[in-house]
Amino acid sequence: MGEEVFRGNHIYMVMENKKVAAILDRVADYLEMDGADFRTRAYRRAAHTVDFLPQPIEEVRKEGGLEKLPGVGKAIALKIKEILDTGSLQYLEDLEKQYPVDFEGLLLVEGVGPKTIKLLYQELGVKNLADLEKEAKSGHIQHLRGMGIKSEKRILKNLEFAKKSTGRRLLGDIMPLALELKEKIGSLPEVEIVEIAGSIRRKKETIGDIDVLAVTSDPQKVMDYFVNMDLVGGIISRGPSRSTIRLKDGLEVDLRVFRKKEYGSALVYFTGSWELNVELRKMAIGRGLKLNEYGIFRGEEQLAGETEEEVFRALGLSYIEPELRENQGEIEAALTGELPKLVETSDIKGDLHIHTQWSDGRSSILEMALAAQKLGYQYLAITDHAHGLPVAGGLDETALMEQIREIDRVNDELEGIRVLKGVELNIRADGTLDIDTVVLEELDIVLAAIHSGVPFLPGTLTKIIQDTVENEHVDILAHPSGRKLKKRPAYDIDLEKVFETAADTGTIMEVDGQPNRLDLSDENIRTALKYGCKLSLDTDAHHPQDLQHMELAVFTARRGWAEARDVVNTLPLNKLLKTLK
DNA sequence: GCCGTTTTCGGCCCGACTGTTTTCAGTCG
């Protein structure tokens with residue numbers, strides 16, 4: 001399963017689940033063009049199920065479990081089988097022939113949806129963004145049914161953004177901006193409460209837009225301020241309770257205003273996820289209630305709404321942390337009181353993956369240690385690259401021994417924090433590690449990782465990683481999947497096998513908090529925990545400021561249902577050292 | 001197309017905003 005794609009020296013697995021989900025989603029797009037409301041929804045739901053499946057869809061199929069998946073019935077199960085067998089879906093190809101349009105591109109244009117795409121294609125033959133631009137500029141669109149001059153102008157304007165759209169942004173890049181917006185809006189005296197909702201609050205690894213909620217006595221004034229902020233590039237819509245702007249850098253921001261007694265239900269609703277909202281509303285209906293962003297109602301009477309807690313309680317649920325709200329089992333856990341007590345940033349006692357000037361970092365050992373001390377840590381591990389990674393100016397055995405002595409000196413200088421001696425080994429194509437074991441025995445902690453540019457033979461990686469995990473000197477497998485967000489997918493590794501081995505040997509799986517890594521991913525973390533693996537939440541810092549990325553590692557771990565007891569660097573120093581043996 | 005402590009048939013989450021409409025469709029979240 002999984003077709004192999006060669007790119008440079010790397011072999012990537014095209015993930016079947018994502019592919020199947022994308023095809024089902026595209027079918028939904030086409031169905032939506034024809035206004036097939038509920039069939040559209042059915043395909044979307046099935047696509048979502050497959051997308052979030054914790055195991056390969058092929059496996060489910062082999063076990064005969066396709067039709068047991070939520071949202072998958074006879075018809076869609078058959079289509080999934082066809083996709084797995086042939087790599088494509090005849091049904092979709094027929095639809096594509098009927099409407100040969102660049103759906104993905106056209107949908108990027110704000111305000112253009114499936115119905116408009118159909119209209120544009122049938123009336124004007126618009127197939128892609130270039131066609132759309134041509135027809136809009138020549139004034140043909142304004143004469144279409146349901147269109148007008150304003151629609152045409154809007155399309156032209158939004159086309160510019162669509163053309164340079166970079167898609168979703170990284171959580172780590174967006175967070176500072178979101179917090180700045182929150183602060184600006186919160187600084188108005190009329191604003192009683194302001195909060196960032198949406199996928200940022202759920203800490204998803206990539207973000208499509210920013211959702212802001214505010215409670216205020218003067219909505220008019222707040223909206224005025226919002227659409228006129230200096231960051232604003234354009235106003236998409238504006239109303240008394242909701243406005244949408246586009247920032248100068250292209251990102252969309254929504255502001256919605258509520259009354260205090262609605263705030264909790266509004267926050268639940270606009271935090272999402274969409275899938276969770278659907279479930280919550282169904283639960284409300286099942287209890288003879290109605291749930292919307294204004295509260296939980298029996299008839300006209302609002303039973304709950306001011307806080308999230310009371311909204312959940314009214315549905316018989318305990319409070320669900322935003323990071324868990326993906327309709328991935330958290331409702332069931334909330335019903336039975338089995339939600340995890342998620343790890344928090346304040347639980348973290350140290351950082352176990354840090355680089356310095358000795359390899360490709362920017363700062364000295366002492367500078368990193370002082371920065372770590374400021375964060376209240378008890379320890380940090382210096383883990384510079386070993387020499388097998390020439391691009392990073394890695395250390396050989398001699399240099400590493402020298403660094404060990406330097407760390408001793410730094411430790412003598414410091415009080416209240418301990419610098420651990422470590423290294424980040426590079427795993428070679430033949431599976432060997434790039435530092436002699438005699439030297440490894442001098443270290444407190446050993447990380448091993450795959451790095452780009454190593455020409456592994458197809459199909460060998462899983463075994464090599466398993467061997468690495470079994471190596472008695474290796475404590476932590478760093479950024480295990482090797483993915484880089486928006487850049488490259490994970491390496492062709494069967495992580496479940498790796499987790500199984502790691503749980504056996506006690507080797508720790510890293511959650512790397514670099515904004516474009518977040519590796520392991522939330523889904524991977526949940527799987528690793530099921531196998532009984534321990535985690536280390538690290539920053540892979542190359543600069544003192546990078547130590548702040550611990551938050552991203554924690555967010556990701558929380559999305560993976562991790563508790564403090566699953567994470568080794570929540571341990572105090574002495575216990576950590578025992579764990580590392 | 002899916003699904004069932006109302007149901008194997010008849011439901012399927014729901015509201016704001018815009019632009020085009022004389023009462024609503026499309027889009028978005």
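Chain letters run A, B, ... following the sequence lines, proteins first and then strands; every chain starts at 1. These numbers were taken from a predicted model, which means no experiment stands behind them.
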Original post:
Can a salt bridge be assigned to the pair A:E205 and A:R483 using a cut-off of 4.0 Å between side-chain N and carboxylate O?
Top reply: yes

**OP:** Just call it for A:Y269: base, sugar-phosphate, or nothing, with non-hydrogen atoms closer than 4.0 Å on any strand.
**Re:** base

Subject >> side chain to side chain donor-acceptor pair (under 3.5 Å) between A:R246 and A:N158, worked out >> reply: CA-CA 10 Å; A:R246 198 190 310 274; A:N158 290 336; 2.9 Å; yes

**OP:** Could you measure between the two C1' atoms, the one in B:dT6 and the one in B:dG11, and give it in whole Å?
**Re:** 11 Å

Original post:
Relative to each other, are the rings of A:F258 and A:F270 parallel, tilted or perpendicular (30° and 60° limits)?
Top reply: tilted

**OP:** Taking atom C1' in both B:dC14 and B:dC9, compute the distance separating them and give it to the nearest angstrom.
**Re:** 24 Å

Original post:
Would you call A:E523 and A:R559 a salt bridge, taking side-chain N to carboxylate O under 4.0 Å as the test?
Top reply: no

Subject >> Parallel, tilted or perpendicular, as decided by the 30° and 60° cut-offs, for the rings of A:Y99 and A:Y121 >> reply: perpendicular

Subject >> Passing candidate, side-chain contact (heavy atoms from CB on, under 4.5 Å) with A:F103, options A:N128, A:D29, A:L108 >> reply: A:D29

Original post:
Between A:L31 and A:L291, which is nearer to the 5' end of DNA chain B once each is assigned its nearest nucleotide?
Top reply: A:L31

Original post:
Expressed as a whole number of Å, how far does the P atom of B:dT21 sit from that of B:dG26?
Top reply: 13 Å

Subject >> Span of DNA chain B in contact with chain A (heavy atoms, under 4.0 Å) >> reply: B:dG1 to B:dG29

**OP:** For A:R238, answer base if it contacts any base atom (sugar-phosphate contacts may also be present), sugar-phosphate if it contacts only those atoms, and nothing otherwise; contact means non-hydrogen atoms under 4.0 Å.
**Re:** sugar-phosphate

Original post:
Which value, in whole Å, describes the distance between the C1' atoms of nucleotides B:dT20 and B:dT27?
Top reply: 14 Å

Original post:
What does B:dG10 pair with, Watson-Crick or G-U, if both distances are under 3.5 Å?
Top reply: B:dC3

**OP:** Using the C1' atoms only, state how far B:dG29 lies from B:dC13, rounded to an integer number of Å.
**Re:** 12 Å

Original post:
For DNA chain B, whose closest nucleotide is more 5', that of A:R154 or that of A:P114?
Top reply: A:R154

**OP:** Please measure how far the C1' atom in B:dG15 lies from the corresponding atom in B:dG4, and state the result in whole Å.
**Re:** 28 Å

Original post:
What nucleic acid atoms does A:D211 come within less than 4.0 Å of, heavy atoms only: base, sugar-phosphate, or nothing?
Top reply: sugar-phosphate

Original post:
For atom C1', what is the distance between B:dT23 and B:dT18, given to the nearest Å?
Top reply: 15 Å

**OP:** Determine the contact category for A:I149: base if any of its heavy atoms lies under 4.0 Å from a base atom, sugar-phosphate if only primed atoms, P, OP1 or OP2 are that close, otherwise nothing.
**Re:** sugar-phosphate

**OP:** Assign A:L69 to base, sugar-phosphate, or nothing according to its heavy-atom contacts below 4.0 angstrom with the strands shown.
**Re:** sugar-phosphate

Subject >> Residue that, paired with A:L120, satisfies side-chain contact (heavy atoms from CB on, under 4.5 Å) out of A:D131, A:L132, A:L106 >> reply: A:L132

Subject >> Spacing of the P atoms in B:dT5 and B:dG1 (rounded, Å) >> reply: 23 Å

